[in-house]
Amino acid sequence: MFLGLLSRARTPHAGSASGGPLRAAAASVVVAGLVLVGGAVPAEAATTYSASLRTAVKSLPVAAESNAGYDRAAQFGTWNDANRDCQNTRAEVLQNESRASISFTTSKRCTVKGGRWITTWDGRVHTSATTVQIDHTVPVHEAWGSGARNWTKAKRVAFYNDLGDHRALSAQTSALNSAKQARGPESWMPPRNRCGYVGEWVAVKIRWGLKVDSAEKAALTRIAASCPNVALTVRKA
């Protein structure tokens with residue numbers, strides 16, 4: 001069975017009622033070694049991509065990036081509450097990633113206050129939710145220029161709030177997330193876990209069918225060449 005590329009450790013909050021951990025777990029499950037009878041191809045096979053990291057990078061289609069007309073709020077919306085439990089996407093990610101029981105700001109349990117998060121870009125431990133931001137692995141500005149401008153508004157909102165693959169969103173140290181802004185691997189990389197970061201970037205691009213520009217692909221190819229050529233499995237959105 002292929003394993004997700006350098007997957008971030010997820011230790012769900014034991015008391016969470018959000019269902020977030022189940023969504024994250026389901027996104028990484030894929031059955032390998034299927035025997036096809038009579039040429040029939042399961043529907044799942046058409047929506048699951050599996051390859052080595054370097055092959056996955058090579059497969060990314062190249063196109064010039066076009067960011068004309070970008071408006072984050074108008075085109076992607078904001079954190080939503082898909083399951084109507086009063087906890088938005090930020091709260092769901094914080095619960096999924098906390099390595100200890102979490103606390104909330106009020107008795108309604110809508111907004112996360114504390115827990116224990118180890119941010120993968122720098123290895124720091126955080127106990128207050130105020131010190132982390134939720135990062136879009138592929139920034140929404142990058143997504144817009146790489147193909148999302150041609151999507152429906154509903155699909156862009158789904159991308160913004162993607163809880164279906166744990167590689168799409170993550171809690172990171174606020175200062176580093178602010179430093180990254182909308183830059184891709186060709187102009188910004190985290191100080192730690194660079195191979196994991198590249199794998200996550202490639203996985204999100206494949207999941208959402210996004211293209212890469214030539215500078216981005218060159219950077220991904222160069223970095224991947226120095227990383228373990230691990231297996232990457234992606235369930236397409």
Side-chain angles (χ1 to χ4, degrees), residues 3-10 20 23-25 27-28 49 51 53 56-57 59-60 65 67 70 72 75-80 88-90 92-94 96-97 117-124 132-148 151 155-213 215-217 219-221 223-224 227 230 232-237:
L3 300 177
L5 170 64
L6 296 180
S7 301
R8 300 188 192 95
R10 293 294 190 264
R23 285 193 298 272
S28 64
Y49 176 92
L53 172 60
V57 170
S59 75
L60 292 169
E65 197 170 305
N67 294 298
Y70 172 73
R72 180 186 181 116
Q75 292 146 356
F76 290 86
T78 187
W79 301 133
N80 64 20
N88 66 15
T89 301
R90 172 181 164 85
E92 300 278 10
V93 174
L94 290 172
N96 289 348
E97 295 194 350
W117 299 276
I118 302 176
T119 44
T120 57
W121 293 353
D122 54 8
R124 287 187 58 187
V132 297
Q133 296 176 1
I134 304 304
D135 172 68
H136 287 86
T137 299
V138 174
V140 291
H141 183 269
E142 166 75 24
W144 173 264
S146 302
W151 297 349
K155 186 173 180 178
R156 289 193 292 267
V157 170
F159 173 88
Y160 193 96
N161 291 273
D162 186 8
L163 291 169
D165 189 312
H166 65 265
R167 294 165 290 198
L169 300 169
S170 67
Q172 299 295 344
T173 300
S174 296
L176 281 177
N177 193 48
S178 296
K180 174 186 174 182
Q181 297 184 336
R183 290 186 287 175
E186 71 278 11
S187 58
W188 186 90
M189 287 290 289
R192 293 182 58 175
N193 194 33
R194 293 187 171 192
C195 290
Y197 180 75
V198 164
E200 291 161 357
W201 182 280
V202 173
V204 174
K205 286 268 175 160
I206 291 172
R207 174 168 166 77
W208 288 92
L210 294 169
K211 296 178 174 62
V212 295
D213 63 29
E216 178 186 353
K217 186 154 188 175
L220 292 170
T221 301
I223 298 166
C227 293
V230 295
L232 178 68
T233 296
V234 183
R235 185 66 184 266
K236 294 184 180 180

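The figures here come from the full heavy-atom set of this structure, side chains too, leaving out hydrogens, waters and symmetry mates.
- Of the possible donor and acceptor atoms, one in the side chain of Thr137 sits under 3.5 Å from a partner among the backbone N and O of Arg167.
- Of the possible polar contacts, none joining the Ser146 side chain to the Ala143 backbone as a donor-acceptor pair under 3.5 Å is found.
- For the pair Leu210 and Ala148, the tightest heavy-atom approach, listed with the atom from each and the gap, is CD2-N, 3.9 Å.
- For the pair Val140 and His136, the minimum side-chain heavy-atom distance is below 4.5 Å.
- Here CD of Glu97 is found 5.5 Å from OG of Ser170. Values are rounded to the nearest 0.5 Å.
- When all heavy atoms of Gly199 and Leu53 are compared, the closest pair comes out as CA-CD1, 4.1 Å.
- Each of Lys205, Lys180, Arg183 was checked for a salt bridge (Lys or Arg N to Asp or Glu O under 4.0 Å) with Glu142, and the lone residue meeting it is Lys205.
- With a 4.5 Å cut-off on side-chain heavy atoms, Phe159 and Trp144 do not count as touching.
- Every side chain to side chain contact (heavy atoms under 4.5 Å, CB included) that Ile134 has, sequence neighbours left out, goes to Trp79, Arg90, Val93, Leu94, Leu169, Ala171.
- A pairwise comparison of heavy atoms in Ala56 and Ala51 identifies N-CB, 4.4 Å as the closest pair.
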Can you list the steps and then say if Asn177 with Ser174 is a side chain to side chain donor-acceptor pair (under 3.5 Å)? CA-CA 5 Å; Asn177 193 48; Ser174 296; over 6 Å; no
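- Atom CG of Asn193 is separated from atom CG of Asp122 by 10.5 Å, given to the nearest 0.5 angstrom.
- Looking only at side-chain heavy atoms (C-beta outward), Arg192 and Thr120 stay at 4.5 Å or farther from each other.
- Residues passing the side chain to side chain contact (heavy atoms under 4.5 Å, CB included) test with Val157, sequence neighbours excluded: Asn80, Lys153, Asn161.
- By the 4.5 Å heavy-atom criterion applied to side chains, Arg207 and Lys236 are not counted as neighbours.
- Here Trp201 pairs with Glu216 under the side chain to side chain donor-acceptor pair (under 3.5 Å) rule; sequence neighbours left out.
- Between the side chain of Arg124 and the backbone N or O of Ile118, no donor-acceptor pair lies under 3.5 Å.
- Inter-residue side-chain proximity for Gln172 and Val132 is flagged as unmet; no heavy-atom pair is nearer than 4.5 Å.
- Within the 4.5 Å cutoff, side-chain heavy atoms of Pro191 are placed close to those of Leu176.
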Is there a side chain to side chain donor-acceptor pair (under 3.5 Å) between Glu65 and Asn67 once you walk through the steps? CA-CA 7 Å; Glu65 197 170 305; Asn67 294 298; 3.1 Å; yes
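- The shortest distance between side-chain heavy atoms of Met189 and Val198 falls below 4.5 Å.
- Here the closest heavy-atom approach between residue His141 and residue Ala182 is recorded as CB-CB, 3.8 Å.
- Judged by distance alone, the side chains of Trp208 and Asp162 do bring a donor and an acceptor atom under 3.5 Å apart.
- The shortest side-chain heavy-atom distance between Leu232 and Val202 falls under the 4.5 Å cut-off.
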Yes or no on side-chain contact (heavy atoms from CB on, under 4.5 Å) for Thr233 and Tyr49, after CA distance, side-chain angles and deciding distance? CA-CA 6 Å; Thr233 296; Tyr49 176 92; over 6 Å; no
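- The neighbour count for Lys217 NZ, taken as heavy atoms of other residues, nucleotides or ligands under 6.0 Å away, is above 12.
- How far OG1 of Thr89 is from OH of Tyr160: 9.0 Å, rounded to the nearest 0.5 Å.
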